[in-house]
Amino acid sequence: MKAVFAVLALAASAFAQGIAIFSPAAGQNITAGNGVEVVVQKPDSLTGSTDIGVAVLIQHCTQNPCEDVSQDLGTVFYAGAFTPTRQQGVADGQPAQQFFASVPQSFPKGPAVLSVPHSVLVGAGPNFVNEIVNVTINIS
Ligand SMILES: *[C@@H]1O[C@H](CO)[C@@H](O)[C@H](O)[C@H]1NC(C)=O
Ligand SMILES: *[C@@H]1O[C@H](CO)[C@@H](O)[C@H](O)[C@H]1NC(C)=O
């Protein structure tokens, strides 16, 4: 039982490290061929953490609302280092990093899920944490 509580406590503290997709916004229209800037925000947190990396993927949905795509994340537009910095006028001044997803003209039109998987080492242990955040967009 003690072990279970310890794991829950770690999970709760790890959640404080969670990233967020600052943009695009939910429901935003993205024109295939133009692509989209993706701003990934890492809120300030009391616990020290070391980012391993993130990826940016987009999956076309076959249902509305979108089916769960967490086992089938779609096309990879970025995978690599995550080094969020504070930039004036970006992500409300929170540490963030911009990526560009160059969605091709041929990308299927309609609802799609933009996912950002994130790996991070949290705390003094440290504790290894993976998470996936997503936003539903529209490709036109
Ligand atoms: C996206 O486009 C659709 C159809 O053109 C429109 O109804 C909708 O309001 C647009 N959404 C946003 C967030 O601009
Ligand atoms: C988005 O992420 C949430 C939380 O991880 C998950 O429950 C949901 O299924 C995801 N949405 C899609 C469409 O994959």
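Every number for a ligand or one of its atoms is a count from 1 in the order of the listing. Both backbone and side-chain heavy atoms feed into the values below; hydrogens, waters and symmetry mates do not. Being a predicted model, the structure only gives us computed values, none of them experimental.
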Legend entry - Separation between NE2 of H118 and CD1 of I52, rounded to the nearest 0.5 Å: 8.0 Å
Legend entry - From OG1 (T85) to CD (Q98), nearest 0.5 Å: 7.0 Å
Inset, instruction - Considering non-hydrogen atoms only, spot the tightest contact between A32 and Q105 and give its length. - result: O-NE2, 3.6 Å
Legend entry - Heavy-atom closest pair, residues A91 and Q41: O-NE2, 3.9 Å
Inset, instruction - Please assess S115 against Q59 for the test side chain to side chain donor-acceptor pair (under 3.5 Å), listing each intermediate value before the final yes or no. - result: CA-CA 8 Å; S115 298; Q59 177 66 288; over 6 Å; no
Find all protein N or O atoms under 3.5 angstrom from an N or O atom of ligand 2 and list the pairs with distances, or write 'none'.
unit_1: ligand 2; atom_1: 2 (O); unit_2: N134; atom_2: ND2; d: 2.3
unit_1: ligand 2; atom_1: 9 (O); unit_2: D68; atom_2: OD1; d: 3.4
unit_1: ligand 2; atom_1: 11 (N); unit_2: N134; atom_2: ND2; d: 2.9
unit_1: ligand 2; atom_1: 14 (O); unit_2: D68; atom_2: OD1; d: 3.4
unit_1: ligand 2; atom_1: 14 (O); unit_2: V69; atom_2: N; d: 2.8

Inset, instruction - Report the residue from I137, T136, N138 that forms a side-chain contact (heavy atoms from CB on, under 4.5 Å) with P24. - result: I137
